[in-house]
Amino acid sequence: NEVLYMARRKCEYVNEDIKLLELDSSIENKLNDSGLKTIGDVWASNRKSLKALGLRDMEIKQIIIKLQLLWLDLNKKIYN
């Protein structure tokens with residue numbers, strides 16, 4: 001049951017520190033300063049809330065791409 005394994009693996013990521021995403025340090029600093037410390041914190045965010053934190057479109061796109069590499073996306077979306 002590879003699908004079940006992948007779903008479990010995705011859930012493991014949400015408790016990991018955002019350092020795992022390997023974002024640019026400026027993005028990581030903005031997220032940390034705003035209290036977003038885990039991948040789950042970022043995963044639960046949406047584009048509008050990230051913009052409100054002062055992140056630019058290119059920075060948000062980088063976050064989205066890094067999340068997608070873990071089969072996740074903003075707004076708590078999961079890809080199979």
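For the single chain, residues carry numbers from 1 onward in sequence order.
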Can you find a pair of side-chain heavy atoms, one from I39 and one from N15, that are under 4.5 Å apart? no
Heavy-atom side-chain proximity of I18 to L36 below 4.5 angstrom: no
Establish whether I65 and I27 are linked, either directly or via other cluster members, by ILVMFWY side-chain heavy-atom contacts under 4.5 Å. no
What I'd like to find out is whether the side chain of D24 reaches to under 4.5 Å of the side chain of E59, using heavy atoms alone. no
Ignoring hydrogens, what is the shortest heavy-atom contact between E28 and L23? Give both atom names and the distance. OE1-O, 4.2 Å
Could you check whether any side-chain heavy atom of R47 comes within less than 4.5 Å of a side-chain heavy atom of D57, counting everything from C-beta outward? yes
Side chain proximity check, K51 to I60, heavy atoms < 4.5 angstrom: yes
May I ask you to test the L31-L50 pair for a side-chain heavy-atom distance under 4.5 Å? yes
Provide the closest heavy-atom pair for L74 versus V42 in the form atom of the first, atom of the second, distance. CD2-O, 3.6 Å
Main-chain N/O of N75 paired to W43 side chain as donor or acceptor, under 3.5 Å: no
Is any side-chain heavy atom of L72 less than 4.5 Å from a side-chain heavy atom of Y13? yes
Would you check if there is a donor-acceptor pair between the side chains of S49 and N46 at a distance under 3.5 Å? yes
Rounded to the nearest 0.5 Å, how far apart are OG of S45 and CG of L55? 9.5 Å
So for atom NZ, which belongs to K37, do other residues, nucleotides or ligands contribute more than 12 heavy atoms lying within a distance under 6.0 Å? yes
What heavy-atom pair brings Q62 and E22 nearest, and what distance separates the two atoms? OE1-O, 4.4 Å
Any L53 side-chain heavy atom under 4.5 Å of K30 side chain: no
